[in-house]
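What follows is a single structure, written as structure tokens, with notes after it.
Below, chain A is the first sequence line, B the second, and so on; all start at residue 1.
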Amino acid sequence: MFSDDAPRDDVRFRYTAALASELEQRWQDRWDELGTFHTANPSGALTDGAGRPADPDAATFYVMDMFPYPSGAGLHVGHPLGYIATDVVGRFRRMRGDNVLHALGYDAFGLPAEQYAVQTGQHPQVTTEANIANMRRQLRRLGLAHDPRRTFATTDAGYVRWTQWIFLQIFESWYDVDAVRPDGSAGRARPIAELVAQYEAGTRPVPDGGTWADLTDVERRRLVDRERLAYITEAPVNWCPGLGTVLANEEVTADGRSERGNFPVFQRSLSQWNMRITAYADRLADDLELIDWPAKVKAMQRNWIGRSDGANVVFDVIGGLEVEVFTTRPDTLFGATFLVVAPEHPLLDEVPAAWPDGTRSAWTGGFDTPIEAVAAYRAEAAAKTAVERQADAGRKTGVFSGHLATNPVNGLPVPVFTADYVLMGYGTGAIMAVPAEDERDWAFAAAFELPHVRTVQPPAGFDGGAWTGPGAMINSANDEISLNGLQVAESKPKIIDWLESKGLGTRTTTYRLRDWLFSRQRYWGEPFPIVYDENDLPIAIPDELLPVELPDVPDYSPRTYAADDAGSSPEPPLGRNADWVAITLDLGDGPKQYRRETNTMPNWAGSCWYYLRYLDPTDADHLVSPELESYWLGPQHNPEAGTAGGVDLYVGGVEHAVLHLLYARFWHKVLFDLGHVSSLEPFHKLFNQGYIQAFAYVRADNGAYVEAATVTERPDAPGEFVALVDGAEVPVLQEYGKMGKSLKNVVTPDDMYDAYGADTFRVYEMSMGPLDQSRPWDTRAVVGSQRFLQRLWRNTVDEATGELVVVDDDPEPATLRVLAHSIADVRIEMEAMRLNTAIAKLIVLNNHLTSLDRVPRAALEPLVLMTAPVAPHIAEELWQRLGHAGSLAFEPFPVADAAYLVEDTVTCVLQVQGKVRSRIEVSPSIDGDVLRELALADAGVQRALDGREVRTVIVRAPKLVNVVPA
RNA sequence: GCCCCCGUAGCCCAAUUGGCAGAGGCAACCGGCUUAAACCCGGUCCAGUGCGGGUUCAAACCCCGUCGGGGGCACCA
């Protein structure tokens, strides 16, 4: 059970949970009163606790946690893992002299808050505020060194104002692919007014012909609206009836369900807001090179962006039409034996009336005419849900369209099929099929009796099927060009050059990334700062009217439907307040009636820029002042920042690898293009912490979960467990997984504060293992961390009297050596964020001091300072009891005395054929040749050699010699 | 199906990146303290690194294969 907490007369000053709690809360109050963790900006009202601006000589260090979502359930012990880690790193950097910025705000819009509000019948604002208050309380008790002045919630009107302001910046911009960026490369966002100016001046041709002057005002606006980075378009979108809203591609799983709630998602053509993230696809992919992120997350982003280089190739279709295909293998064009277009492809809108000569029966699907066959297949494909399509992946279906096209490199006729393995949304929605070099095409060809022609020589012994590997080209020549004999990589540019010279194709890059669908049909989100006029065209609400606040509506719950009701339509809750929707504004031509946008923004919007707001959440005049942005985030803002700049350390779960992290990078780059930030990237170093998981237990008889806290392991049978249910022991089975109410295995920080105090909890979480690894929670093991702190306490304070027990004598050399090594090791481990091993080193030093009769101050004080980042309250208390005034938060982190790092002797291992046969003590600076002779003369070595000749001797002075016998 | 990460004492985890397999913690056991127990203090026990090959003077670490666990992608042309 938990440690004994009863006050005892003989040990009134023992470091118990009660004492820990008392001093922890006292120090938390003290930090607040003194403003200890008030981080100073270089200028402005945000100074340090003493009212000073930032020290110009200090390096900055900006550490940040992923935005917490204040759920109604409160925190369990898994949640604070990352917050503790960033706090430890931040406190360590502060002691190293850095100006550390660390704050925490709340991502408070979004579906869970809305659903929780619906459940409890309260307004989301009320539940959100209550949840934030509870989370603040739980986190404050943890002793996090956040700047309390820099917190905010995304729902605050002052924050919403700037979220909406950024939206309007994006709305009022277009992407000029030719504009030159500061680094010389091409393409950047520019104010839309500059596009209009170009049209007006005639320096940019009006698309679709005509002149600007000839267009009506409404035509001009439609033209310009099409170019905006935030734009409305009618297109197929992901409609999720179960959630009652449309979703971005990133929010839909591969099997066509909503990431949140796991409801089916249907394709519906709807008019919705989008963000032109695709304009940034190249930069989002390329700039990953500039930042220090886990390779896995970079791979996921690259994968999601899905850039592939190839060519578009035009095939003439007999009868006067043509079809353009995208291929990454233009080198295999001579092996293209048929074409496949997606069922939605416009080429199928007209098909021949009769099957052409040479049509095989396998191609027709049993229909008499192409018209019937194609219509039937298109209907079948349209009826398929994403889930069914997913289930059918690999099974090739399709039908001949009746069209014949001409292979541009050899003039041969190729049949055009339609099949749903070709997607309208990728490339051109049409492919050239090369069965010999593509596995999917091979499978289709096999199913439809289509021929193949090999154009890459497979290796000897290859026994059929598609060969997708490298090799020499064969069968690839016409009168003008020959690829034969070339390697695949050489052939690609050559054939593309030829195609381009003949006007048959163009070098092309395509992306999997789609534009970001940005509207949601929900109440609890940022309203769009947009109104519509009588032409139904969007108009920005003037800056002075921001923020647009959420109106009261009769019912703020989203209109949801049966999860499989594909025919239903979204209904924004904001539309339920007619008085709000209709608005009278004077936008320069007198008061007029407008209609408000009733969709809200996705909750990713608020998390796209919060790292900018921490720099000064009180700034009412700027999104972020350029001076602060460059000081904390700019390129080279500290020696580690690199050319991209950004937050120095960003810690959070890997689940945001493509959603939040991609969206935030996109917004940041838009803000960069528009001159609002100087950094190229928002987050320089990203670290994904692991998860704390927990055992859960189900009854062996009925499979019901039992309270994990009541379970014990059978002493007689390890691995078997029993739970105490109504006073009786029942056998249970162990499971492992998330911590959650339904699994009855939740342990909360509050439980830990009560039983051990916050410092013990912090030490335990940090010592469980490497930060990036997931691991099981084990409440019984927490006591080990408490013992460490208790020993540290006892090394300083007499438990009975509260008197200091340290002495001012000089420490023994042995103690100085342990001290020096501990300091050196702890610094290395802390800098590498290996907090578990850093704590182990602290324990070694502490245990050493425990073993002494008298603890010397000169050894104890550095230990207290080094313990401070991980267990700050007890460290502050001991520091004070040791006679220091004020907080240790800014005390320099100890530096090892190099004189005690060198050992007088080291143990040299003597091996014979790799096996340890002897050990000798030698000087650390011993000469290799001397050591060799010592080793060869060693009795243990001679015994192992047993008279054999020595072939060679490996000497790694001073630690190892390996003698290799002949 | 493809790709990535991880398998070390009963458990959580170290190992200066190829050089003595054990730093730290939990649990267990023994002893001290105690009227007794807990706390505390001291000590003990415990694996040859999932498995099979290979490279090397030397392999937990590198290579190949295989098994188990976790994650990502999945008809993207």
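Residues satisfying the ring pair (Phe, Tyr, Trp, His ring centres under 6.0 Å) criterion with A:Y691, sequence neighbours excluded, are absent altogether. Scored by the salt bridge (charged side-chain N to carboxylate O under 4.0 Å, His left out) test, A:R791 finds no partners at all (sequence neighbours excluded). Remark: A:R378 engages A:D349 in a salt bridge (charged side-chain N to carboxylate O under 4.0 Å, His left out) (not counting sequence neighbours). Every ring pair (Phe, Tyr, Trp, His ring centres under 6.0 Å) that A:W467 has, sequence neighbours left out, goes to A:F462. Checked against side-chain contact (heavy atoms from CB on, under 4.5 Å), A:A405 has the following partners two or more places apart in sequence or in another chain: A:F315, A:V317, A:L339, A:V414, A:V416. Scored by the ring pair (Phe, Tyr, Trp, His ring centres under 6.0 Å) test, A:W304 finds no partners at all (sequence neighbours excluded). Partners of A:F444 under the ring pair (Phe, Tyr, Trp, His ring centres under 6.0 Å) rule, at least two apart in sequence or in another chain, are A:F338, A:F417, A:Y421, A:F448. In terms of the side-chain contact (heavy atoms from CB on, under 4.5 Å) criterion, A:N303 has no residue partners (sequence neighbours excluded).
RNA chain B is contacted by both A:F695 and A:S851; A:F695 maps to the nucleotide lying nearer its 5′ end (nearest heavy atom per residue). Residues A:G784 and A:V658 both approach RNA chain B. Their nearest nucleotides, taken by heavy-atom distance, put A:G784 toward the 5′ side.
For B:C62, the paired base is B:G54 (Watson-Crick or G-U wobble, both distances below 3.5 Å). In a base pair of the Watson-Crick type (N1 to N3 plus N6-O4 or O6-N4) or a G-U wobble (N1-O2 and O6-N3), with each distance short of 3.5 Å, B:C2 is matched with B:G72. Checking B:A28 for Watson-Crick or G-U wobble geometry (two distances, each under 3.5 Å) identifies B:U44 as its partner. With a cut-off of 3.5 Å on both Watson-Crick or G-U wobble distances, the partner of B:G7 is given as B:C67.
Residue A:K396 places its side chain closer to B:C75 than to any other of B:C26, B:C75, B:G72. Picking from B:C39, B:G25, B:C12 the nucleotide with the shortest atom distance to the side chain of A:P776 gives B:C12. Listed candidates were B:A77, B:C13, B:G24. Nearest to the side chain of A:S308 is B:A77. The side chain of A:V783 has B:A27 as its nearest neighbour among B:C12, B:A27, B:G42. Each of B:C40, B:C75, B:G42 was ranked by its minimum atom distance to the side chain of A:Q790; first place goes to B:C40. You'll find that the side chain of A:R794 is closest to B:C41, out of B:C12, B:C41, B:A23.
In this structure, A:Q913 places its CD atom 10 Å from P of B:C57, rounding to the nearest Å. Rounding to whole angstrom units, CG of residue A:D798 and P of B:C40 are separated by 17 Å. One atom, CZ of A:R919, and another, C1' of B:A21, lie 12 Å apart when rounded to the nearest Å. Between A:F417 atom CZ and B:C75 atom C1' the separation is 17 Å, expressed in whole Å. Atom NZ of A:K298 is separated from atom P of B:C4 by 17 Å (rounded to the nearest Å). Rounded to an integer number of Å, the gap from A:L852 CG to B:C41 P is 14 Å. Counting to the nearest Å, the C1' atom of B:C3 and the CZ atom of A:R302 are 15 Å from each other. One can place CG of A:L842 at 10 Å from C1' of B:G24, the figure rounded to the nearest angstrom.
The phosphate of B:A27 has OP1 or OP2 within less than 4.0 Å of a side-chain N or O from A:R787. Residue A:R775 has no polar side-chain atom (N or O) positioned under 4.0 Å from OP1 or OP2 of B:G69.
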What N/O pairs connect the protein and nucleotides 28-31 of chain B at under 3.5 Å? Give each pair on its own line.
none

Restricting both atoms to N or O, compile the protein contacts to nucleotides 59-63 of chain B shorter than 3.5 Å, with distance only.
none

List every contact pair, protein side and nucleotides 14-19 of chain B side both N or O, where the distance is under 3.5 Å.
unit_1 : atom_1 : unit_2 : atom_2 : d
B:G19  : O6     : A:R956 : NE     : 3.4
B:G19  : O6     : A:R956 : NH2    : 3.3
B:G19  : N2     : A:Q911 : OE1    : 3.0
B:G19  : N2     : A:N962 : ND2    : 3.2

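Summarising the geometry of A:L849 relative to A:V855, their closest heavy-atom pair is O-CG2, 3.8 Å, with the distance given to 0.1 Å. Contact detail for A:E437 and A:V453: the closest heavy-atom pair is OE1-O, 4.3 Å. Closest of all the heavy-atom pairs between A:V323 and A:A430 is CG2-CB, 3.8 Å.
Contacts of A:T952 with the nucleic acid, taken as non-hydrogen atoms under 4.0 Å apart, are absent. Residue contacts shown for A:D825 are absent, as no nucleic acid heavy atom lies under 4.0 Å away. Nucleic acid contact class of A:A840 (heavy atoms, under 4.0 Å, all strands): base. The residue A:T907 sits close to a base: some heavy atom pair falls under 4.0 Å.
In this structure, B:G48 shows a glycosidic angle within 90 degrees of zero, which is the syn conformation.
Under the 3.5 Å distance criterion, with hydrogens and angles disregarded, no donor-acceptor pair is assigned to the side chains of A:H345 and A:T418. Side-chain N/O atoms of A:Q689 and A:D772 include no donor and acceptor closer than 3.5 Å. Using a 3.5 Å distance cut-off with no hydrogens or angles, the side chains of A:S308 and A:Y426 do pair a donor with an acceptor.
Heavy-atom contacts from other residues, nucleotides or ligands closer than 6.0 Å to NZ of A:K298 number more than 12.
The base of B:C26 does not come close enough to the side chain of A:R780 for any donor and acceptor atom to sit less than 3.5 Å apart.
For the side chain to side chain contact (heavy atoms under 4.5 Å, CB included) test with A:Y511, the passing option among A:T278, A:L284, A:D282 is A:D282; the others fail.
For residues 421-434 of chain A, proximity to RNA chain B is found at A:Y421, A:V422, A:L423, A:Y426, A:I431, defined as any non-hydrogen atom under 4.0 angstrom from a strand atom.
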